[in-house]
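Right, one structure below, let's go through it.
Source: prediction; values computed, not measured. All chains are named by letter (A, B, ...) in the order of the sequence lines, taking the proteins before the strands, and each is independently numbered beginning at 1.
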Amino acid sequence: MVTLTFPTPAPAPQSEAELLSRCRLLAGKTLAELAAEHDLRVPVDLRRAKGWVGSFLERLLGATASSRAAPDFEALGIEMKTLPVTEQGQPVESTFVCTIDLLEIGDLEWDESRVWRKLARVLWVPVLGRRAVPVSERRVGTAFLWTPSQQQREWLKFDWEELAGVIGSGELEKLTGHLGKYLQVRPKAANSRARRRGTDAEGFSYDALPRGFYLRPSFTAQVLDEHFGLGPGGAADH
DNA sequence: TTGTGATCATCT
DNA sequence: AGATGATCACAA
């Protein structure tokens with residue numbers, strides 16, 4: 001068998017140092033090179049494999065929480081996010097954070113929110129993500145561990161409270177992707193017919209389109225800039 | 001069926 | 001071009 005989709009999962013890293021050490025082995029390599037090391041094939045395009053890059057790299061690094069609501073590196077309390085970037089190190093896409101429990105979010109505080117828990121400690125893995133570049137030729141960049149700065153926490157908390165407030169007051173249907181400076185709410189579902197229990201303005205539950213929180217590219221661009229110490233236009237991928 | 005991994009595809 | 005809304009695969 002030489003056409004498996006994913007590699008055998010690596011053992012979980014035992015420390016942050018070990019995790020970062022593994023990341024250094026990936027940096028600068030193309031997805032084709034990494035796939036070849038494990039006798040795998042890279043998808044020709046991502047239309048039917050949208051999460052492939054993230055899942056592939058998670059297994060190479062030894063993430064433990066495959067598709068469970070837990071940190072990717074559970075023992076280390078670290079969430080991993082691949083971040084598609086241009087050759088200049090600019091994010092190509094928004095970053096999905098988590099789904100939203102529409103019935104409960106109005107009763108939560110920021111400090112106990114899934115957004116905060118997920119973003120408190122993140123391993124960012126930049127990967128060339130321009131659509132014009134064939135998936136197999138996309139290079140993995142230099143990964144790094146990140147904890148939000150005080151200001152970033154305040155920005156995220158501000159947006160989260162506004163967005164959670166709209167949902168909590170039953171006005172989900174008025175909420176669009178336009179709201180929120182750095183954090184936004186967008187559909188997160190198999191398709192537009194999917195439904196999840198929500199609450200309307202009168203407090204009655206109804207079947208709503210499932211939503212999730214996403215980080216805007218303007219936020220992740222700042223994360224990259226501050227880590228790599230580059231201004232706009234700098235190269236951060238490898 | 002739901003959450004995680006995201007990117008696609010269309011509209012402005 | 002950039003952003004919003006829609007969509008696809010997999011695992012538990």
Please tell me which of Asp45(A) and Arg195(A) maps to the more 5' nucleotide of DNA chain B, matching each residue to the nucleotide holding its nearest heavy atom.
Arg195(A)
Counterpart residues, side-chain contact (heavy atoms from CB on, under 4.5 Å), relative to Lys181(A) (two or more places apart):
Asp159(A)
Taking all non-hydrogen atoms of both residues, which atom of Pro84(A) and which atom of Glu93(A) are closest, and how far apart?
CG-CB, 3.9 Å
For Ala143(A) and Val125(A), work out which heavy atoms get closest and say how close.
CB-CG2, 3.9 Å
Can you name the side-chain contact (heavy atoms from CB on, under 4.5 Å) partners of Val166(A), sequence neighbours left out?
Glu171(A), Leu175(A), Leu179(A)
Using a cut-off of 4.0 Å on non-hydrogen atoms, how would the nucleic acid contact of Ala49(A) be classed: base, sugar-phosphate, or nothing?
nothing
Pairs meeting criterion salt bridge (charged side-chain N to carboxylate O under 4.0 Å, His left out) with involvement of residues 184-195 of chain A, two or more places apart
none
Ion pair Asp207(A)/Arg197(A), N-O distance below 4.0 Å:
yes
Arg196(A) or Glu93(A): which one's nearest nucleotide on DNA chain B is closer to the 5' end?
Arg196(A)
Would you be so kind as to tabulate the donor-acceptor pairs closer than 3.5 Å made by side chains of residues 102-111 of chain A, with sequence neighbours excluded?
none

Is there a side-chain contact between Arg131(A) and Val92(A) (heavy atoms, below 4.5 Å)?
no
Could you check how far CD of Gln90(A) sits from C1' of dA3(C), rounded to whole Å?
16 Å
Nucleotide dG2(C), atom P - distance to CZ of Arg130(A) in whole Å:
12 Å
Range on DNA chain B touched by chain A, heavy atoms, distance below 4.0 Å
dT2(B) to dA9(B)
Could you list by number each residue of residues 162-188 of chain A showing a heavy-atom separation from DNA chain C of less than 4.0 Å, or answer none if no residue does?
Thr176(A), Gly177(A), His178(A), Gln184(A), Arg186(A), Pro187(A), Lys188(A)
Rounded distance (Å) that lies between atom C1' of dA11(C) and atom CG of Asp72(A)
14 Å
Hey, any chance Val185(A) and Phe158(A) share a hydrophobic cluster, counting ILVMFWY side chains that come within less than 4.5 Å of each other, even indirectly?
no
What integer distance in Å separates Asn191(A):CG from dC8(C):P?
7 Å
For DNA chain B, determine which residues of residues 203-218 of chain A have any heavy atom closer than 4.0 angstrom to one of its atoms, and list them numerically.
Tyr214(A)
Sequence neighbours excluded, the answer for side-chain contact (heavy atoms from CB on, under 4.5 Å) partners of Arg24(A) is Leu20(A), Ser21(A)
Sequence neighbours excluded, the answer for ring-ring contact (aromatic ring centres under 6.0 Å, His included) partners of Tyr182(A) is Trp155(A), Phe219(A)
Within residues 94-114 of chain A, find the residues that approach DNA chain B with a heavy atom at under 4.0 Å, and present them sorted by residue number.
Ser94(A), Phe96(A), Thr99(A), Arg114(A)
Write out all pairs satisfying ring pair (Phe, Tyr, Trp, His ring centres under 6.0 Å) with one or both partners inside residues 68-88 of chain A, taking only residues at least two apart or from two chains.
none
Any base atoms under 4.0 Å from Arg131(A), or only sugar-phosphate, or nothing? Heavy atoms, all strands.
base
For Asp200(A), what residues pass the side-chain contact (heavy atoms from CB on, under 4.5 Å) criterion, not counting sequence neighbours?
Glu202(A), Phe204(A), Tyr206(A)
